[in-house]
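Report on one structure; see the data block that follows.
A, B, ... follow the sequence lines: proteins, then strands. Residue 1 opens every chain. None of these values were measured; they are calculated from a predicted model.
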There are 2 protein chains.
Amino acid sequence: MDHQATGTRKDRAAVKAEDVKVDLIAVVVAVNDGEPCVLTIGQADTLPSGPFALEHRSPQSGLRGWVEQQTGHPLGYIEQLYTFADRDRIGAERQQRVISISYLALTRKEQAGGSPKCGWQSWYEYFPWEDHRSGTPAVVLDVLRPRLIEWADGASDAATRRERRLRAAIAFGFDESRWNEELTLQRYELVYEAGLVQEAGIGRDAPPRPLVPSKSMIADHRRILATAIGRLRSKIKYRPVVFELMPPLFTLLRLQRTVEALSGRLINKPNFRRLIEQQELVEKTGETTTETGGRPAQLYRFRHDILDERPVAGTKLPLTRA
Amino acid sequence: MDHQATGTRKDRAAVKAEDVKVDLIAVVVAVNDGEPCVLTIGQADTLPSGPFALEHRSPQSGLRGWVEQQTGHPLGYIEQLYTFADRDRIGAERQQRVISISYLALTRKEQAGGSPKCGWQSWYEYFPWEDHRSGTPAVVLDVLRPRLIEWADGASDAATRRERRLRAAIAFGFDESRWNEELTLQRYELVYEAGLVQEAGIGRDAPPRPLVPSKSMIADHRRILATAIGRLRSKIKYRPVVFELMPPLFTLLRLQRTVEALSGRLINKPNFRRLIEQQELVEKTGETTTETGGRPAQLYRFRHDILDERPVAGTKLPLTRA
DNA sequence: GGTCCTTATATTCTTTTGGACTATAACTGG
DNA sequence: CCAGTTATAGTCCAAAAGAATATAAGGACC
């Protein structure tokens with residue numbers, strides 16, 4: 001039992017002396033040319049991060065510092081994501097605790113000239129099964145589905161087999177259930193448990209199952225990214241955070257494409273416009289642009305003052321109903 | 001600028017040597033006799049907590065241990081709330097970093113015999129302005145409203161005055177805006193900034209403003225509780241977590257009273273029943289009870305299997321519309 | 001035993017919302 | 001000037017959500 005291992009308050013001095021490391025880690029998101037992107041550093045696929053130091057007033061301010069230093073990008077909107085602190089999440093056997101406080105940050109690519117050592121990666125390179133903008137991707141039907149069924153049926157007892165099949169069906173929308181774009185983390189965990197991604201093999205008796213083609217990340221950064229995607233996909237439905245990703249002036253179609261990029265699914269155009277307009281989140285500037293081809297489009301601007309007036313205003317994708 | 005103070009990666013050794021303390025802290029919630037309650041320990045109003053130690057596999061398991069040891073209560077549902085880590089959140093001047101990973105846990109009072117050193121406190125004793133079940137409480141209209149306006153008008157420049165008035169109006173639903181029960185944290189922060197709670201005076205030149213009558217908690221535990229309440233009020237709308245607070249068998253009215261206790265507002269009875277029934281979250285047991293007085297009520301049971309079938313099923317209070 | 005009170009349960013009506021669809025307008029490029 | 005492309009406006013319908021009312025079934029009290 002856990003509580004027998006916790007010790008008493010007298011142990012506190014001993015606890016302090018342990019080797020604890022606290023990291024700040026950022027998932028910086030932008031949408032470039034209709035692709036949702038995440039900021040990475042170095043050669044490997046690594047999220048910007050750095051130790052939480054005593055000089056930092058708050059973790060947020062520390063994070064801003066690290067990201068700006070490592071990537072040259074100033075951060076605007078920041079939101080705490082999750083604190084990862086399980087014992088064997090990093091190195092399996094090292095007697096060291098690594099606590100990572102993760103954050104979701106939203107910016108635009110053009111914000112500043114990035115350093116050479118960082119770059120934007122489409123998040124669908126890490127999660128090719130998450131992009132349903134052109135219908136269900138082939139990798140889901142041809143690769144994931146059979147492998148997951150195989151994994152489910154590989155369980156020793158019938159109850160586990162049933163449970164695994166059910167989880168897979170819900171997460172990926174196999175049987176009657178529909179695709180739910182918010183279940184990014186659950187899907188990643190399934191794929192991980194089934195041993196279908198590279199990082200799943202580390203530190204255990206890896207079954208020689210062939211992998212689902214996708215880019216990996218170091219340590220558990222891919223899990224952190226999955227957490228961020230799920231959170232963002234959920235959040236755009238009830239908070240007007242998309243505008244953090246938009247330039248000052250934009251057309252309604254561009255706004256729609258941005259939301260579609262994030263959610264990974266298409267939206268009905270007239271309904272999207274109606275929703276945006278009736279919420280009064282944006283206002284016309286009077287200017288138009290012909291850069292879109294076809295009839296010139298109105299340029300809109302986000303009404304920043306609305307943030308003060310309405311606390312829970314949302315973008316409300318027309319995706320809600322079952 | 002923050003990033004100039006962060007140092008480089010070479011500082012890591014020095015960072016490790018710093019005095020960092022990581023705590024786990026729990027907001028354990030139950031609903032007893034129609035009152036939403038939080039579990040506290042000791043004489044003072046203190047949330048159960050303990051240091052995060054290397055023996056703990058995960059923070060969750062560590063938390064379970066501490067709470068069970070300090071209160072005798074085993075925990076069921078646990079969810080990470082927020083990680084508090086600002087520098088001067090505990091002692092003002094000590095050169096020590098305290099990081100608190102906070103969790104929201106849901107149980108029932110009857111779960112087990114609690115230790116003598118712990119007890120349940122109605123959370124409306126800490127937040128008397130949050131209970132709108134009998135209409136807007138007097139303390140909001142008679143005390144908070146005038147004091148907050150006074151505080152807003154005390155600002156030096158006109159812009160700040162306007163902004164403060166607006167924030168107060170939105171958070172408390174003063175002018176045209178309606179009461180939004182999810183804004184618990186925003187309201188606490190306003191009350192805190194205005195110096196109307198006891199703990200606001202610590203470590204700064206406290207203005208001699210009379211306080212709003214309410215119970216306080218040690219350190220920043222009241223803020224953590226506010227965070228938990230807001231999160232829970234939001235969550236019951238889209239996830240069936242209320243049932244963690246219910247006994248195995250219950251009547252629909254009791255379920256409604258529980259939701260009302262949490263959200264702090266009344267719900268239309270027929271609509272609530274319809275909503276619950278059409279979602280198929282519960283099933284009749286066939287048994288009835290006469291303990292409610294009046295016509296005997298059907299006893300229902302939560303359909304636990306629904307959790308496997310539908311990921312995003314919610315309780316959906318009839319509170320959504322503006 | 002009947003009356004009244006209490007609570008449970010069923011039903012109706014109406015407004016609002018959100019999803020699908022169609023039509024028209026305005027520009028570009030050949 | 002015609003085809004193609006995109007922008008914008010409007011209609012229709014089904015589902016959801018709010019409010020209110022009616023009926024059922026027990027207990028308490030006289």
Handout entry: Verdict with supporting geometry, A/Y188 and A/Q186, side chain to side chain donor-acceptor pair (under 3.5 Å)
Key = CA-CA 5 Å; A/Y188 173 74; A/Q186 286 90 321; over 6 Å; no
Handout entry: Lys NZ or Arg CZ of B/R145 over B/F174 ring: under 6.0 Å, within 45°
Key =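 Positive - B/R145 is close enough to the ring of B/F174 and near enough to its axis.
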Problem - Below 4.0 Å: OP1/OP2 of D/dA15 and any side-chain N or O of B/Q278 - result: no
Handout entry: Residue pairs, two or more places apart or on separate chains, that pass salt bridge (Lys or Arg N to Asp or Glu O under 4.0 Å) and touch residues 122-137 of chain A
Key =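 Every pair satisfying salt bridge (Lys or Arg N to Asp or Glu O under 4.0 Å) with a residue in residues 122-137 of chain A: A/E35-A/R133, A/E125-A/K215, A/E130-A/R187, A/E130-A/R233, A/D131-A/R133.
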Handout entry: Side chain to side chain, B/R303 and B/L281, heavy atoms closer than 4.5 Å
Key = no
Practice task
Report yes if some heavy atom in the side chain of B/V38 is under 4.5 Å from a heavy atom in the side chain of B/V28; otherwise report no.
Solution key: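 No, their side chains stay 4.5 Å or more apart.
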Fill in the blank from the handout: Here the distance between atom C1' of C/dG19 and atom CZ of A/R273, to the nearest Å, is 17 Å
Completion exercise
Given Watson-Crick and G-U pairs under 3.5 Å, DNA chain D in dot-bracket ([ ] crossing, | other strand) is ||||||||||||||||||||||||||||||
Practice task
Indicate, yes or no, whether a donor-acceptor pair under 3.5 Å links the base of D/dG18 to the side chain of B/R274.
Solution key: yes
Practice task
Would you please say whether a donor-acceptor pair under 3.5 Å links the side chains of A/E277 and A/Y300?
Solution key: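 A pair is found: one side chain offers a donor N or O, the other an acceptor, under 3.5 Å apart.
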Practice task
Assign A/L253 to base, sugar-phosphate, or nothing according to its heavy-atom contacts below 4.0 angstrom with the strands shown.
Solution key: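 Sugar-phosphate contact only - A/L253 comes under 4.0 Å of backbone atoms but never of a base.
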Show each protein N/O and nucleotides 24-28 of chain C N/O combination with a separation under 3.5 Å, one pair to a line.
residue: C/dA25; atom: N3; partner: A/R295; partner atom: NH1; Å: 3.1
residue: C/dA26; atom: O4'; partner: A/R295; partner atom: NE; Å: 3.4

